[in-house]
Amino acid sequence: MFDVAKIKRDFPVLQQEINGKPVAYLDSAASSQLPRQVMEAMSRYYETSHANVHRGVHTLAERATSAYEEAREKTARFINAPLPQNIIFTRGTTEALNLVAYAYGLHKLQAGDGVIVTLLDHHSNLVPWQQIAKLRNANLYMVELTDEGLLNMDQFRSYLKQGNIKVVAVTHASNVMGTITPIKDIIRDAHQAGAVVVVDAAQSAPHMKIDVQELDADFLAVSGHKMLGPTGIGFLYGKGKLLDSMEPFQMGGSMIGLVNYFESNWAEVPARFEAGTPNIVGAVGLAAGIDYLTALGMEQVEQHERQLLAYAWDRLSQVEGIALYGPREPRTGLIAFNVDDTHPHDVSTVLDAEGVAVRAGHHCAQPLHKWLHTAATNRASFYIYNDQQDIDRLVSALQRVKEMFGYVAR
Ligand code: 7TS
């Protein structure tokens, strides 16, 4: 079965003590850690195969190009994309979402068209659409939440009925509320209304099986550094017809067909959207992360996290004065919380002294925090290398917070 102790041994960073305590790393929703297999794949690439891609004909250039294109194939298989060409490598989710906003939204939207965003969206799926809507005189519509923290689907459907919606930008799993959105229903309804759907899968793809064809997603964005890969690499999935119809996002080398004095034309997809020298070693690392996850099995990864989540929810609920945000179900493996009225930065500083790493802040979701009537939250997030002991450590460190800030009689 799922052997966390064995998995943990693959992660050198988790072998150390932080502030004299073994580290309980509960911040994978920000960035996950890297197993040695990923680091070794990246070193091996540099030691044996490094050169620039898609240009030289010498052996190292061919090896580098193969490594890069194999990573694209592996990424396509991971989300069941029909073809490797459906995958555009980017710097991460943020760049992937900006690519859609600028290369699709800016060119296709017209005055009076509508874009639907949601209160669960990370700034990277909200702010680009605010900007594009302004530039195109399009209208932005915000889907709010039920009291439980689920998307208000009645509101969503009433926006669709207006008849002007061209784009729906929605997160698959919220990085604050943990809410897993009914993405398949959203996509089906949006398509019936003639809109394309941009799915932010930054917090879902690392944790559950994604099948873009089954979802019928138009665009889907993912970051490598949240799924065992290095920083600086991620990808955009796009349907072939849509990508083929789009203008480039960035201009420069590798993305052109013919360049004349005063005008140029564009390379085929995916090269059209990968201007300049790409993050080759990043793609190699991402592919090695995908290998690691695939060997574990995404269903098993999801099941492990569901068990941890149930345990954490239960234990945290029993902490006096704690507020847990978001629904109990359907939810991904993270929990945002506040303790009494102790500032999240104070909470996480005390937790850090106990060797427990959580994130504190607004998590790039300011409108959502406004809706929650709180400036900031703490967030514990789980991944394949976490076990119940990490959660026990979190709970006892929270008792320490309460002692320090005077809410528990000493
Ligand atoms: N979308 C969601 C849902 C996210 O959680 C994040 C990063 C992004 C997009 C942006 O990803 P990036 O790799 O381009 O930065 N979220 C977080 C977080 O919750 N804490 O740190 C980064």
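For this chain, numbers begin at 1 and follow the sequence in order. Counting starts at 1 for both ligands and their atoms, following the listed order. Side chains included, hydrogens not; waters and symmetry mates left out as well; all remaining heavy atoms used.
Among residues at least two apart or in separate chains, side chain to side chain donor-acceptor pair (under 3.5 Å) pairs with a member in residues 30-40 are D10-Q37, S31-H225.
Using a 4.5 Å heavy-atom threshold, the side chains of H362 and H123 count as touching.
Between the side chains of D291 and T294, not a single donor N or O lies within less than 3.5 Å of an accepting N or O.
Within 4.0 Å of ligand 1, the residues that place a heavy atom are A29, A30, T93, T94, H122, S124, T171, N175, D200, A202, Q203, S223, H225, K226, R359, R379, listed by chain and number.
Taking the six-membered ring for Trp and the full ring otherwise, the centers of F11 and Y25 sit at least 6.0 Å from each other.
Taking R379 as the reference, nothing meets the side chain to side chain donor-acceptor pair (under 3.5 Å) condition, with sequence neighbours excluded. Evaluation of the side chain to side chain donor-acceptor pair (under 3.5 Å) rule for N152 yields no partner, not counting sequence neighbours.
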